[in-house]
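Okay, structure first, notes after.
As the structure lists them, so they are numbered: ligands from 1, and atoms in each ligand from 1.
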Amino acid sequence: MNLIEKYKNFLPVNSKTPIVSMGEGFTPLVKSRNIINEIGCKELYFKLEGCNPSGSFKDRGMVMAVSKALEKKVTKIICASTGNTSASAAAYGAYLGIDTSVLIPEGKIALGKLSQAVAYGAKIISINGNFDEALNLVKEISEKNNNIELVNSLNPNRIHGQKTGAFEIIDELGESPDEMFLPVGNAGNITAYWSGYKMYNDHKNTSLPKMVGFQAKDSAPIVEKKQVQNPQTIATAIRIGNPASWTQANLALEESEGSIHAIEDDKIIEAYKSIASMEGIFVEPASSISIAGLYYLKEQKYDFSDKIIVCVLTGSGLKDPEVANNYLEFHQHKIEPTIKDLTQILDL
Ligand code: AN7
């Protein structure tokens, strides 16, 4: 199936738009079996965006952005990235033969994401600065040069594509959830989901969820209502101090009567372990912040009992082997290759 084709009536598609696909979207919505019992909500689902072709939700937006770039006959794309946008842009660039350049903050992107950009063959430009500085650079260069298309979420086509996540959730549940939990970095995704929910509600009367966002404690400009000069967090994907879609995120929070919260890194890591060991879902730290958020709000005595909640799990755990290495305890039983030893270790 083709994501843009399926939802073309809700997307900026015309007869000249080349509708391409690498199989993005149509990601599983998995029902919680165990964490739900600790949280005590009515229903809890996880949207597994790590199942997209490059392993994150970015592909939904990227496929729309590159389709529109092809329509305009642009031959080069560029983005700044904390990792996933660069992996996604590089993948679609390779697929479609578009020259792709990515600006990344040196030493601050997860190894899996960097490996992807290398493997797909993008031009990798690492800057001695953070994501926010990289974004300013690519914004300026793409404003000055018509032949290079910016594919960060400042590009409205990225937001259009990412709306499809909301459409899929409603199509599967038959209604909107009560609450939509998601990590917030550059704030494109919260903007996109809210716009998708509103669009479906306008057309199909599917009701609207509260948008509930989470930022890492030392990278929480929206929560603190001020720019963070030197953002820090183990969740490098959301190490962002001046989100591009800040205004739209505030609007989504306000219109949906939602909320946004700051979560400590050690809680992010706890949740990173819980979602894997309790539900069999391995996600990267930025994605586990929604799970940490469930526990955080429960601790704040938030009443979830009649709520249907969906957590968007934005990226695969395989993206960040270094965090796995540093924070998981690798218990192994070493035995001689004999049935006797194996029988003993298996308690048979
Ligand atoms: C796994 O790749 O900003 O709030 O440059 O990789 O829409 O930015 C990634 C962000 C959440 C935050 N989860 O989404 C980038 C980048 C994961 C992410 C976010 C990101 P936005």
* Name all residues meeting the salt bridge (charged side-chain N to carboxylate O under 4.0 Å, His left out) criterion together with E179; count only those two or more places apart in sequence or in a different chain, and write none if there are none. => none
* Asked: For L346, does the CG atom sit with more than 12 other heavy atoms under 6.0 Å from it, leaving out its own atoms?
  -> yes
* Asked: Within a reach of under 6.0 Å around NZ of K217, are more than 12 heavy atoms found that belong to other residues, nucleotides or ligands?
  -> no
Put together the list of close N/O pairs, under 3.5 Å, between ligand 1 and the protein, could you?
from, atom 1, to, atom 2, distance (Å)
ligand 1, 2 (O), S81, OG, 3.1
ligand 1, 2 (O), T82, OG1, 3.4
ligand 1, 2 (O), N84, N, 3.2
ligand 1, 2 (O), T85, N, 2.7
ligand 1, 2 (O), T85, OG1, 2.9
ligand 1, 4 (O), G185, N, 2.8
ligand 1, 4 (O), N186, N, 3.3
ligand 1, 4 (O), A187, N, 2.8
ligand 1, 5 (O), S81, OG, 3.0
ligand 1, 5 (O), T82, N, 2.8
ligand 1, 5 (O), T82, OG1, 3.3
ligand 1, 5 (O), T85, OG1, 3.3
ligand 1, 6 (O), N84, ND2, 2.7
ligand 1, 7 (O), G188, N, 3.2
ligand 1, 7 (O), N189, N, 2.8
ligand 1, 8 (O), N186, N, 2.7
ligand 1, 13 (N), T314, OG1, 2.7

* Asked: Residues in side chain to side chain contact (heavy atoms under 4.5 Å, CB included) with V228, at least two apart?
  -> P221, E224, P231
* Asked: Is it true that the side chains of K47 and T27 contain a donor and an acceptor less than 3.5 Å apart?
  -> yes
* All pairs passing side chain to side chain donor-acceptor pair (under 3.5 Å) where residues 182-200 contributes a residue, at least two apart -> Q162-N189, D171-Y200, W194-E255, K198-E255
